[in-house]
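Just so it is clear, the structure is predicted and the values come from calculations on it, not from any experiment. Below, all heavy atoms of this structure are taken into account, side chains as well, without hydrogens, waters or symmetry copies. Below, chains carry the letters A, B, ... as their sequence lines are ordered, and counting in each starts from 1.
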Amino acid sequence: MPRLPRAFFARPTLVVARELLGQRLVCLRNGRRLSGLIAEAEAYIGENDLACHARVGRTPRNEVMYGPPGYAYVYFTYGLHWMLNCVTERDGFPAAVLLRVIVPDGGVEIMRRLRGQAPEARLANGPAKLTQALGIDGELDGHDLCARGAKLFIERAALPPDSRIIARPRVGLGDTPEPWKSKAWNFRWLISD
DNA sequence: AGCACGATTAACT
DNA sequence: GTTAATCGTGCTC
């Protein structure tokens with residue numbers, strides 16, 4: 001299957017977040033292939049978005065978000081969790097899509113080893129579970145998802161129809177001010193009937 | 001140098 | 001519904 005090229009990510013973040021649904025996230029780990037279909041993603045767009053890490057301006061932590069599209073922005077939070085994002089838009093504009101949920105479809109036994117016993121559907125149904133299931137941590141911050149030989153990339157797969165996608169407010173924003181807190185920038189693929 | 005808190009999760013009541 | 005775990009980051013002093 002072809003991999004998503006940089007041009008895919010070099011577009012408005014809301015479009016990228018929406019079109020990442022259904023695509024296959026792949027991580028190559030010790031020669032093994034771990035993968036899953038992206039089922040939930042959400043957009044963080046620029047310094048004006050008060051929920052985005054770029055709200056404080058350019059810092060060492062969010063530096064990758066300011067760079068060119070098609071790179072992984074991986075950050076650490078809550079003292080124990082890693083989060084995986086895909087950088088979007090043009091070089092110099094800080095924006096990214098947080099990958100929140102994948103449905104495992106390859107390398108499930110290895111994911112179970114990394115995550116512990118869990119039903120397949122709950123192996124990677126959260127942003128921190130996803131990174132744990134794939135063995136992703138800060139070493140992949142700044143990784144080029146579009147490079148030949150990338151360890152982490154996204155394969156083209158079928159795009160879900162609009163009727164199976166819902167948009168809702170982003171998760172876990174706490175005291176983020178309006179209107180940012182309520183913007184429906186989280187996209188979810190309704191898989192089950 | 002010190003501090004409050006976070007794009008979360010699992011294990012509780 | 002509530003809470004502890006746990007530490008890098010950015011802000012204040």
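- A salt bridge between Arg11(A) and Glu89(A) is absent, with no side-chain N of the basic residue lying under 4.0 Å from a carboxylate O of the acidic one.
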Full working for side-chain contact (heavy atoms from CB on, under 4.5 Å) between Glu42(A) and Leu99(A): CA-CA 7 Å; Glu42(A) 62 190 27; Leu99(A) 302 185; over 6 Å; no
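- Considering only side-chain N and O atoms, Arg100(A) lies under 4.0 angstrom from the phosphate OP1 or OP2 of dT8(B).
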query: For DNA chain C, what dot-bracket results from Watson-Crick or G-U pairs at under 3.5 Å, with [ ] for crossers and | for inter-strand partners?
result: |||||.||||||.
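- In this structure, Tyr75(A) places its OH atom 16 Å from P of dG8(C), rounding to the nearest Å.
- Here Tyr44(A) lies in heavy-atom contact (under 4.0 Å) with a base.
- Residue His81(A) places no side-chain N or O under 4.0 Å from the OP1 or OP2 atom of dG6(B).
- For Tyr71(A) and His143(A), the ring centers sit 6.0 Å or farther from each other.
- Across all strands, Arg170(A) comes closer than 4.0 Å to no nucleic acid atom at all (heavy-atom distances).
- Within the structure, a side-chain polar atom (N or O) of Arg115(A) is placed less than 4.0 Å from OP1 or OP2 of dA10(B).
- A straight line from NZ of Lys183(A) to P of dA7(B) spans 18 Å, rounded to a whole angstrom.
- Between the side chain of Tyr78(A) and the base of dA5(C), no donor-acceptor pair of N or O atoms lies under 3.5 Å.
- In this structure, CZ in Arg3(A) is found 3.5 Å from CZ in Phe153(A), a value given to the nearest 0.5 Å.
- Contacts of Ala51(A) with the nucleic acid, taken as non-hydrogen atoms under 4.0 Å apart, include base atoms.
- If you check dG10(C), dT8(B), dA7(B) against the side chain of Pro60(A), the one that comes closest is dG10(C).
- Between Thr59(A) and the phosphate of dT9(C), there is no side-chain N or O to OP1/OP2 separation shorter than 4.0 Å.
- You'll find the side chain of Asp49(A) stays beyond 4.5 Å of the side chain of Arg55(A), heavy atoms only.
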